[in-house]
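Step one of this worksheet: look at the structure below.
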Amino acid sequence: MSWTEERIEKLRKLWGSGKTAAEIADELGGVTRNAVIGKANRLGLSTKTTTAAAAPKPKKKVVPAHRACQWPIGHPGEQDFHFCGDEAVPSKPYCLKHCNMAYQSKDNS
DNA sequence: CCCTGATTCGC
DNA sequence: GCGAATCAGG
């Protein structure tokens with residue numbers, strides 16, 4: 001089997017489509033995933049190792065240590081409908097008070 | 001253990 | 001240039 005333009009085209013399409021080498025190989029037929037990867041590598045695909053050793057993406061985003069309690073106060077759509085706004089506990093959407101309410105597992109009435 | 005891609009090696 | 005074998009990571 002030789003790599004014709006149509007095969008390379010399909011290779012690129014499938015590869016770019018997120019297909020795995022095994023699926024591309026199966027799709028093309030007559031080739032193994034190694035052949036696909038090998039060809040892809042020769043084409044210059046794969047995740048280029050040359051001239052791009054580092055990917056400079058230093059996105060520093062400060063995350064709030066705490067967030068406002070999202071406990072709804074009042075009725076949705078209501079003018080005075082608002083959220084608690086109190087300091088929520090870490091990793092939880094509610095403040096301590098409402099967190100206890102939200103996670104009320106059992107208890108009688 | 002299975003899978004993935006990446007690289008290396010012989011043809 | 002081709003693909004298998006082999007390497008390395010998940």
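Note that the structure is predicted; figures quoted are calculated from it, not measured. Letters A, B, ... are given to chains in the order of the sequence lines, protein chains preceding strands, and every chain is numbered from 1.
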Using only modelled atom types and a 3.5 angstrom limit, is any donor from either the side chain of A/Arg33 or the base of C/dG3 paired with an acceptor on the other? no
Does the distance from a Lys or Arg side-chain N to an Asp or Glu carboxylate O, for A/Lys19 and A/Glu27, drop under 4.0 Å? no
Those residues that, when tested against A/Ala22, pass side chain to side chain contact (heavy atoms under 4.5 Å, CB included) (two or more places apart): A/Thr20, A/Arg33
Could you tell me the separation between the CZ atom of A/Arg42 and the C1' atom of B/dC11, rounded to a whole number of Å? 12 Å
Please determine if a side-chain N or O atom of A/Trp3 lies less than 4.0 Å away from the OP1 or OP2 oxygen of C/dG3. yes
Under 4.0 Å from OP1 or OP2 of C/dA4: is there any side-chain N or O of A/Thr32 that close? yes
For A/Glu87, what residues pass the salt bridge (Lys or Arg N to Asp or Glu O under 4.0 Å) criterion, not counting sequence neighbours? none
Spacing between A/Ile37 atom CD1 and C/dT6 atom P, to the nearest angstrom: 16 Å
Nearest-Å distance, CG (A/Leu11) to C1' (B/dG5)? 13 Å
Short side-chain N/O contact from A/Lys39 to OP1 or OP2 of C/dG3, under 4.0 Å: no
Neighbours of DNA chain B within residues 19-31 of chain A, by heavy-atom distance under 4.0 Å: A/Lys19, A/Thr20, A/Ala21, A/Ala22
Here the distance between atom P of C/dG1 and atom CG of A/Asn34, to the nearest Å, is 19 Å
Separation of C/dA5 atom P from A/Asn41 atom CG, nearest Å, is 18 Å
Please identify each residue that fulfils side chain to side chain contact (heavy atoms under 4.5 Å, CB included) with A/Lys13, with sequence neighbours left out. none
For A/Leu96, which residues count as a side chain to side chain contact (heavy atoms under 4.5 Å, CB included) partner, sequence neighbours excluded? A/Val89
Applying side chain to side chain contact (heavy atoms under 4.5 Å, CB included), can you list everything that pairs with A/Ser2, at least two apart in sequence or on another chain? none
If I take atom CE in residue A/Met1 and atom P in nucleotide C/dC2, what distance separates them, rounded to the nearest angstrom? 13 Å
